[in-house]
Amino acid sequence: MATWTWRFEKADGAETEPAVEPEEFTTQGDAESWLGEYWKPLLAGGAHQVRLFEDATEIYGPMSLKAAEEA
């Protein structure tokens, strides 16, 4: 079974520890729903962008958390 995980990055692409500890997700939808709930505290905690992985494969990113704030 695939594991979906987020990588949290600063604006320059350097990895950073998230302000909210994510779980390991079993579906892409679960991972995206979790991000939808927690993007504000993640952004406030210093994560500016995220990348989504299915196991070791990057699915997409970087996706800015600031864009969600402006939407």
Side-chain angles (χ1 to χ4, degrees):
M1 179 179 282
T3 300
W4 296 80
T5 55
W6 291 106
R7 173 185 157 108
F8 303 92
E9 298 177 347
K10 297 178 181 180
D12 64 2
E15 190 168 9
T16 186
E17 287 297 313
V20 180
E21 193 60 39
E23 37 193 285
E24 287 189 342
F25 305 98
T26 55
T27 69
Q28 182 175 352
D30 287 348
E32 291 170 340
S33 293
W34 179 87
L35 187 67
E37 279 187 52
Y38 292 104
W39 70 267
K40 285 182 181 180
L42 291 166
L43 180 60
H48 293 272
Q49 61 191 28
V50 294
R51 295 175 191 268
L52 181 63
F53 288 84
E54 180 182 10
D55 296 325
T57 304
E58 184 174 322
I59 302 303
Y60 61 78
M63 179 177 72
S64 173
L65 296 178
K66 288 187 173 283
E69 184 176 48
E70 296 162 2

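The structure presented is a predicted model; accordingly, all values stated were derived computationally and were not measured.
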Answer with yes or no whether the side chains of Thr27 and Asp30 bring together a donor and an acceptor at under 3.5 Å.
yes

Show, in sequence, the C-alpha distance, side-chain angles and deciding distance for Leu43 and Lys66, and conclude whether the side chain to side chain contact (heavy atoms under 4.5 Å, CB included) test is met.
CA-CA 7 Å; Leu43 180 60; Lys66 288 187 173 283; 3.8 Å; yes

Answer with yes or no whether the hydrophobic clustering places Phe53 together with Tyr60; edges join I, L, V, M, F, W, Y residues whose side-chain heavy atoms lie under 4.5 Å apart.
no

Stepwise, does the side chain to side chain contact (heavy atoms under 4.5 Å, CB included) test hold for Glu9 with His48?
CA-CA 6 Å; Glu9 298 177 347; His48 293 272; over 6 Å; no

Quick one: are the ring centres of Trp34 and Phe25 less than 6.0 Å apart?
yes

For Gly36 against Trp39, the heavy-atom pair lying closest together:
O-CD1, 3.2 Å

Has the side chain of Trp6 got a donor or acceptor atom that lies under 3.5 Å from a matching backbone atom of Ala31?
yes

Taking Asp55 for its side chain and Thr57 for its backbone only, find out whether a donor-acceptor pair lies under 3.5 Å.
no

Go through Leu52 and Leu35 one step at a time and tell me if the side chain to side chain contact (heavy atoms under 4.5 Å, CB included) criterion holds.
CA-CA 10 Å; Leu52 181 63; Leu35 187 67; over 6 Å; no

Going from CD on Gln28 to CD1 on Ile59, what distance comes out if it is rounded to the nearest 0.5 angstrom?
6.5 Å

Given Arg7, which partner from the list Glu15, Glu58, Gln49 fulfils the side chain to side chain donor-acceptor pair (under 3.5 Å) test?
Glu15

How close do Ala19 and Gly45 get, counting heavy atoms only, and between which atoms?
CB-CA, 3.8 Å

Search all heavy atoms of Pro18 against all heavy atoms of Glu21 and return the closest pair with its distance.
CG-OE1, 4.4 Å

Between Val50 and Leu65, is the side chain to side chain contact (heavy atoms under 4.5 Å, CB included) condition met? List the steps.
CA-CA 7 Å; Val50 294; Leu65 296 178; 4.2 Å; yes

